[in-house]
Amino acid sequence: MDERELLRTVPLFSELSDADIASLGQLAAPRRYPKDTVVFFENEEGDFFFMILQGRIKVTILGDDGREIILSVLGPGDFFGEMALLDNEPRSATAIAVEDSELLSLHRTDFQSVIADNRSIQAALIKILTARLRRANHQISTLALLDVYGRVARVILDMAREEGRRLKDGRIAFRRPTHQEIANRIGTTRETVTRMIKDLERQALVRMEGREIVLQPGFEKVFD
Ligand code: CMP
């Protein structure tokens, strides 16, 4: 796929005319970030907006004690880095490539003029930011209202729905996250997650199949 076709896959730009996509393609610069490299740190000044063409970017907040809380893991078609450009505040979180990633970056002034010139982008941006707020609210309720067992189950269900695929028999399979990754999404320890997952396996609610976790029939009923 060439850059223009790739830009079309970014939902924020799906309504743009061919001419607008072409001029956006001229303004956007491709950037590669190998696995485990930092795109930017929380609290830095930020001048770029990023779109993800390939790979996955973890949005995370690091505590002083080295613990981290993962706010989101974004993938192809998603964007990030808009907040610092919209409110002129520092970066609200750190962005790290968790896979080899290909991004397109847009400088602040270009981002601002693209938004100012396109009503369809303004509407799409508001819609996507609203969806992020809904997701964040869901995350807050998970953290505040569920015990740790419920949180592990809830995060597994959310990940399965966000990135999994339905098998023919109706079960959902998805990439097996590390126990540390699950722990960092819900503010607990890796050991606790390991214990909870063993328990879910014992109850035949999840099954490890190769590099995937498969939610067994009943999982959604019990934890939804
Ligand atoms: P910015 O503050 O510039 O830098 C960090 C970026 O992470 C931020 O812009 C958003 O693009 C993204 N981000 C922050 N919080 C969330 C969240 N809760 N869900 C998804 N993305 C987020």
query = Do the non-hydrogen side-chain atoms of V73 and M159 ever get within less than 4.5 Å of each other?
reply = no
request  = Give, for atom CD1 of I156 and atom CD1 of I172, the distance between the pair rounded to the nearest 0.5 Å.
outcome  = 12.0 Å
ask   = With sequence neighbours left out, what residues match R135 under salt bridge (charged side-chain N to carboxylate O under 4.0 Å, His left out)?
value = E162
message = According to salt bridge (charged side-chain N to carboxylate O under 4.0 Å, His left out), who are the partners of R31, at least two apart in sequence or on a separate chain?
response = none
request  = Starting from the C-alpha separation in whole Å, work towards a yes-or-no answer on side-chain contact (heavy atoms from CB on, under 4.5 Å) for T37 and R32.
outcome  = CA-CA 10 Å; T37 51; R32 278 175 191 276; over 6 Å; no
query = For P34 and A97, which heavy atoms make the closest approach, and how far apart are they?
reply = O-CB, 3.6 Å
Listing, residues 74-81 side-chain donor-acceptor contacts under 3.5 Å, not counting sequence neighbours, or none:
{"unit_1": "D78", "atom_1": "OD2", "unit_2": "G75", "atom_2": "N", "d": "2.8"}

key: Spacing of T188 atom OG1 and H179 atom NE2 [to the nearest 0.5 Å]   = 12.5 Å
inquiry  = Do R165 and F174 have side chains that approach each other closer than 4.5 Å (heavy atoms only, starting at C-beta)?
reply    = no
inquiry  = Is there a continuous path of hydrophobic side-chain contacts, each under 4.5 Å between heavy atoms, that joins I197 to L215?
reply    = yes
Within one Ile-Leu-Val-Met-Phe-Trp-Tyr cluster: F13 and L125, side-chain cutoff 4.5 Å = yes
request  = Would you mind reporting whether R108 and N88 have side-chain heavy atoms less than 4.5 Å apart?
outcome  = yes
task = Quick one: pull up CG in D224 and CG in L157 and give me the separation to the nearest 0.5 Å.
result = 5.5 Å
message = Membership question, hydrophobic clusters at under 4.5 Å side-chain separation (ILVMFWY): are V193 and V148 in the same one?
response = yes
message = If I take atom CZ from residue R190 and atom CD1 from residue I182, how far apart are they, to the nearest 0.5 angstrom?
response = 12.0 Å
Check ion pair R132-E82 (N to O, under 4.0 angstrom) = yes
key: Gap between atom CD1 of I96 and atom CD1 of I57 - 0.5 Å precision   = 9.5 Å
message = Please determine whether residues L104 and Y33 belong to a single hydrophobic cluster, defined as Ile, Leu, Val, Met, Phe, Trp and Tyr linked transitively by side-chain heavy-atom distances below 4.5 Å.
response = no
remark   = Nearest heavy-atom approach of R91 to F48 is NH2-O, 2.7 Å
query = Donor-acceptor pair, S120 side chain versus N118 backbone, under 3.5 Å?
reply = no
ask   = Which residue, R175, R176, K58, forms the salt bridge (Lys or Arg N to Asp or Glu O under 4.0 Å) with E181?
value = R175
ask   = Got I213 and M208 here, is their nearest side-chain heavy-atom distance under 4.5 Å?
value = yes
ask   = Do F223 and L200 come close enough that some side-chain heavy atom pair is under 4.5 Å?
value = yes
ask   = Does I69 offer a backbone N or O that forms a donor-acceptor pair with the side chain of T60 under 3.5 Å?
value = yes
ask   = Taking atom CG of D64 as the centre, does the number of heavy atoms from other residues, nucleotides or ligands within less than 6.0 Å exceed 12?
value = no
query = Any side-chain heavy atom of L86 sitting closer than 4.5 Å to one from L129?
reply = yes
message = So does K35 get a backbone contact from the side chain of D100, meaning a donor-acceptor N/O pair under 3.5 Å?
response = yes
query = Is there a donor-acceptor pair closer than 3.5 Å between any side-chain N or O of Q112 and the backbone N or O of L85?
reply = yes
query = According to the side chain to side chain donor-acceptor pair (under 3.5 Å) rule, which pairs have a member within residues 143-156, sequence neighbours left out?
reply = H138-R154, T142-R154, Y149-D199, Y149-Q203
Return a table of donor-acceptor pairs under 3.5 angstrom between the side chains of residues 38-45 and protein atoms on other chains or two or more places apart.
{"unit_1": "E44", "atom_1": "OE1", "unit_2": "F41", "atom_2": "N", "d": "3.4"}

task = Please indicate whether E15 has more than 12 foreign heavy atoms, meaning atoms of other residues, nucleotides or ligands, lying under 6.0 Å from its CD.
result = no
inquiry  = Under 4.5 Å between side-chain heavy atoms, counting indirect links through other Ile/Leu/Val/Met/Phe/Trp/Tyr residues: same cluster for L106 and L6 or not?
reply    = yes
message = Within the supplied structure, the quantity of interest is the number of heavy atoms (other residues, nucleotides, ligands) at a distance under 6.0 Å from R67 CZ; does it exceed 12?
response = no
ask   = Looking only at heavy atoms, what is the nearest atom pair of Q122 and I115, with distance?
value = NE2-O, 2.9 Å
Could you list the donor-acceptor pairs under 3.5 angstrom formed by side chains in residues 19-29, with sequence neighbours left out?
{"unit_1": "D20", "atom_1": "OD2", "unit_2": "S17", "atom_2": "OG", "d": "3.4"}
{"unit_1": "S23", "atom_1": "OG", "unit_2": "A19", "atom_2": "O", "d": "3.4"}
{"unit_1": "S23", "atom_1": "OG", "unit_2": "D20", "atom_2": "O", "d": "3.1"}

Gap between atom CG of L7 and atom CE of M51 - 0.5 Å precision = 6.0 Å
task = Evaluate the salt bridge (charged side-chain N to carboxylate O under 4.0 Å, His left out) criterion for residues E209 and R171: first the C-alpha distance (whole Å), next the side-chain angles of each, then the deciding distance (0.1 Å), finally the verdict.
result = CA-CA 12 Å; E209 296 186 6; R171 296 179 306 154; 3.4 Å; yes
ask   = Hey, is the main chain of L16 close enough, under 3.5 Å, to the side chain of R8 for a donor-acceptor pair?
value = yes
